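Note that this is a predicted model, so its numbers are computed, not measured. Convention: sequence-line order gives letters A, B, ...; per-chain numbering from 1.
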Amino acid sequence: MTNAEIALIFDHVADLLEYQGSNVFRVRAYRNASRLVQGIVEPLATIRDDPDRSFLDLDGIGKDLAKKLETLLDSGQLPMLKQLEEEVPQVVFDLMRVPGLGPKKVKLLMAEIELESLDDLEKACQDGRVSLLKGFGKKTESTILSNIAFAKNPENSRLLWNEADQIVQLVVKWMKECKAVQQVEAAGSWRRGKETVGDIDILVESHQPSEVMSHLVAWEHTDQVIVQGDTKTSIRGPRGIQIDMRVVAKESFGAAWQYFTGSKEHNVRLRSRAKKLGLSINEYGVSQLDQSGGKIVAGQSEKELYKAVGLEWIPPELRENHREFEFAENHQLPKLITIDDICGDLHMHTTATDGEATLLEMATASIARGLRYIAITDHSKRVTMARGLDDTRLYEQWEAIDQLNQSLASDGGSPLVVLKGIEVDILEKGGLDLSDEVLSHADWVVASLHYGQQQSQEQITGRLLDAVCNPYVSCIGHPTGRLINRRPAYKVDLQCIINAAAEHGTCLEINANPWRLDLDDRCAAAAKEAEVKFAISTDAHSTIGLDVMRCGILQARRAGLEARDVVNTMPLSKLKELIQKRH
DNA sequence: GCCGTTTTCGGCCCGACTGTTTTCAGTCG
């Protein structure tokens with residue numbers, strides 16, 4: 001039983017308990033446990049089998065949950081879940097996912113109306129049967145109806161970060177045009193750089209909140225007003241995404257920005273920390289709990305808010321209640337990598353295979369973006385769909401690269417060095433698509449797995465391990481193969497790959513393509529722990545594709561990576577030394 | 001269900017908005 005499966009089970013238990021009206025803190029304990037387990041890369045069985053370790057050492061796991069973990073690992077089942085599932089009909093889960101319906105309302109609906117599907121509820125609303133129930137009215141009924149329609153549309157899922165970013169830029173620009181607005185910042189999961197964004201949070205400083213609200217509502221992209229109050233307004237904007245806006249005064253801006261950035265778990269932890277210090281934090285500021293009558297002691301900036309509870313300012317990308325509090329307390333926060341640290345890009349394609357731009361165009365675009373070196377890594381021959389390169393065509397490309405480098409250098413002062421690379425395919429039967437002899441002449445070799453993704457964990461791990469151990473392989477490309485919202489990762493024992501990469505000095509890639517972004521943050525954090533080095537690469541198939549580097553940077557920051565963890569922050573001379581050392 | 005240099009029992013973050021209530025519960029973030 002994998003960690004992900006266990007996490008899912010705990011989350012499911014939490015849903016069921018919540019529906020049954022169980023103690024909210026008990027529900028939270030299961031949710032916390034689910035999150036915790038999800039964040040652990042090594043299999044839980046490893047912890048169980050280690051005599052020096054115990055589940056009880058995990059923060060949030062007590063006697064009961066430790067026992068349940070054992071049961072799950074031993075039997076693959078949880079008797080408690082079986083019991084709960086018998087008590088709660090399946091349709092409840094669909095109902096709970098409708099915005100505006102929580103456990104209480106769902107329970108009442110289930111008790112009063114015979115419901116076996118979401119369609120049944122839709123019909124009941126249309127017939128006016130829902131508005132007759134106690135606590136429901138005409139307004140609630142029509143809200144439910146439109147929310148069901150919204151939930152049914154598969155287009156309305158979470159947006160990729162860069163898709164959300166485009167909308168963020170639009171709405172921020174619009175709000176800045178409002179005269180009543182002093183300051184605008186985006187917050188939420190967009191600011192934390194999450195892979196996907198469910199809604200957009202915008203914070204505004206103003207003395208005239210109602211004018212600010214009207215301005216948002218009047219936006220050409222506003223499809224629907226969900227709520228509109230004195231300090232808070234929510235609308236549905238482009239692509240159905242919900243945009244929440246809060247308006248505060250200057251003295252509360254930092255506190256509100258912190259609150260609105262989240263994550264929820266980070267905020268809960270922060271506020272309970274404040275409480276222990278005799279302080280209370282809300283979105284208006286930090287106040288004293290004692291007899292001073294709630295005197296505000298901080299709130300204008302995030303920095304002073306964190307300082308008030310004895311912490312260094314924590315970068316948004318780390319605010320997930322993982323280890324950031326421990327780091328901030330001990331002045332051990334990582335100095336997170338920034339886009340300005342990047343000197344090169346070590347994974348991109350050209351028209352020689354499935355890229356849209358020529359070698360020269362990619363080089364020119366890279367110079368324009370301030371890069372000092374790039375590696376051209378087209379596909380190898382196994383990737384027939386992309387017209388992958390065989391030995392002959394690869395050598396031809398390398399000759400062209402030599403010539404390009406010469407002409408770049410002859411222009412006086414070489415702005416860019418192009419490395420001779422290849423994205424060599426990791427074959428289904430094991431081994432690589434090109435010989436060691438050929439690979440030994442490359443400057444940079446990315447080894448990636450594209451075929452046989454349905455194989456067993458043993459097979460896939462074995463194939464990747466062979467590649468990691470090959471001295472001519474510089475880096476493993478997109479190490480899990482997942483496509484966000486489209487395709488899950490292939491089955492691979494990543495901890496095993498990480499350990500081998502650390503031992504052999506092979507880099508692991510953080511693929512900056514917003515659909516990929518693997519290694520993800522938790523796996524990258526585990527790899528950093530093992531002292532693995534990373535390459536953050538765009539895998540660009542066009543000149544525009546080079547611009548996704550910032551998405552990769554965000555993922556790296558979420559993993560707590562620093563410039564020194566990432567090889568393409570190095571000057572070329574040092575990078576070459578590193579590659580030579582492996583051969 | 002977890003947790004403890006103020007606690008092994010009694011806490012567990014805090015506030016806005018809506019609809020339907022006639023003072024607030026439910027939901028959301």
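A 4.5 Å side-chain heavy-atom check between A/Lys176 and A/Val184 finds at least one atom pair inside the cut-off. Within the 4.5 Å cutoff, side-chain heavy atoms of A/Met175 are placed close to those of A/Met245. Residues A/Glu320 and A/His266 have side chains not in contact (no heavy-atom distance under 4.5 Å, counting atoms from C-beta outward).
In summary, contact between chain A and DNA chain B, defined as any nucleotide atom under 4.0 Å from a heavy atom of the protein, begins and ends at B/dG1 to B/dG29 in the 5' to 3' direction.
Counting any heavy atom pair closer than 4.0 Å across all strands shown, A/Lys276 reaches no nucleic acid atom. Among the atoms of the strands shown, none is found under 4.0 Å from any heavy atom of A/Ser234. Residue A/Asn32 is classed as having no contact, given no heavy-atom separation below 4.0 Å to the nucleic acid. At the heavy-atom level, A/Lys138 lies under 4.0 Å from the strands shown only through sugar-phosphate atoms.
The line from CD1 of A/Ile113 to CG of A/Asp120 is 9.5 Å long, rounded to the nearest 0.5 Å. Atom CD1 of residue A/Ile61 and atom NZ of residue A/Lys68 lie 10.5 Å apart, to the nearest 0.5 angstrom.
Across B/dC14 and B/dT20, the matching P atoms stand 30 Å from one another, rounded to whole Å. Spacing of P atoms, B/dG1 relative to B/dT6, comes out at 28 Å, to the nearest Å. Comparing B/dT23 with B/dT18, their C1' atoms are spaced 15 Å from each other, to the whole Å. Between the P atoms of B/dT21 and B/dG26, the separation comes to 13 Å (whole Å). Here the separation of B/dT7 from B/dC2, taken at their C1' atoms, is 14 Å to the nearest Å. Nucleotides B/dC13 and B/dG29, compared at atom C1', are 12 Å apart to the nearest Å. Rounded to a whole angstrom, the distance from the C1' atom of B/dC3 to that of B/dT8 is 9 Å.
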Taking distance alone, no hydrogens or angles, what donor-acceptor pairs closer than 3.5 Å link side-chain atoms of residues 271-278 of chain A to residues at least two apart or in another chain?
| from | atom 1 | to | atom 2 | distance (Å) |
| --- | --- | --- | --- | --- |
| A/Ser272 | OG | A/Arg269 | O | 3.3 |
| A/Arg273 | NE | A/Val309 | O | 2.8 |
| A/Arg273 | NH1 | A/Glu329 | OE2 | 2.5 |
| A/Arg273 | NH2 | A/Val309 | O | 3.2 |
| A/Arg273 | NH2 | A/Glu329 | OE2 | 3.3 |

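Positionally, the nearest nucleotide of DNA chain B for A/Thr233 lies more toward the 5' end than for the other of A/Thr233 and A/Gly137. Sequence order on DNA chain B of the closest nucleotides to A/Pro99 and A/Asp59 puts A/Asp59 first from the 5' end.
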Practice item. Check the pair A/Arg97 / A/Asp94 against salt bridge (charged side-chain N to carboxylate O under 4.0 Å, His left out), numbers first and verdict last. Key: CA-CA 5 Å; A/Arg97 270 193 282 277; A/Asp94 297 328; 3.4 Å; yes

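Because its glycosidic torsion is within 90° of 0, B/dT7 is reported here as syn.
Using bins of under 30°, 30° to 60° and over 60° for the plane-to-plane angle, the ring pair A/Phe10/A/Tyr30 lands in the perpendicular bin. Using cut-offs of 30° and 60° for the angle between ring planes, the A/His221 and A/Trp219 rings count as perpendicular.
Using N1 to N3 plus N6-O4 or O6-N4 for Watson-Crick, or N1-O2 and O6-N3 for G-U wobble, each under 3.5 Å, B/dT8 pairs with nothing.
Contacts with DNA chain B (heavy atom under 4.0 Å) in residues 258-274 of chain A: A/Tyr259, A/Lys264, A/Val268, A/Arg271, A/Ser272, listed by number.
In this model, a donor atom of one side chain and an acceptor atom of the other lie less than 3.5 Å apart for A/Trp313 and A/Glu302.
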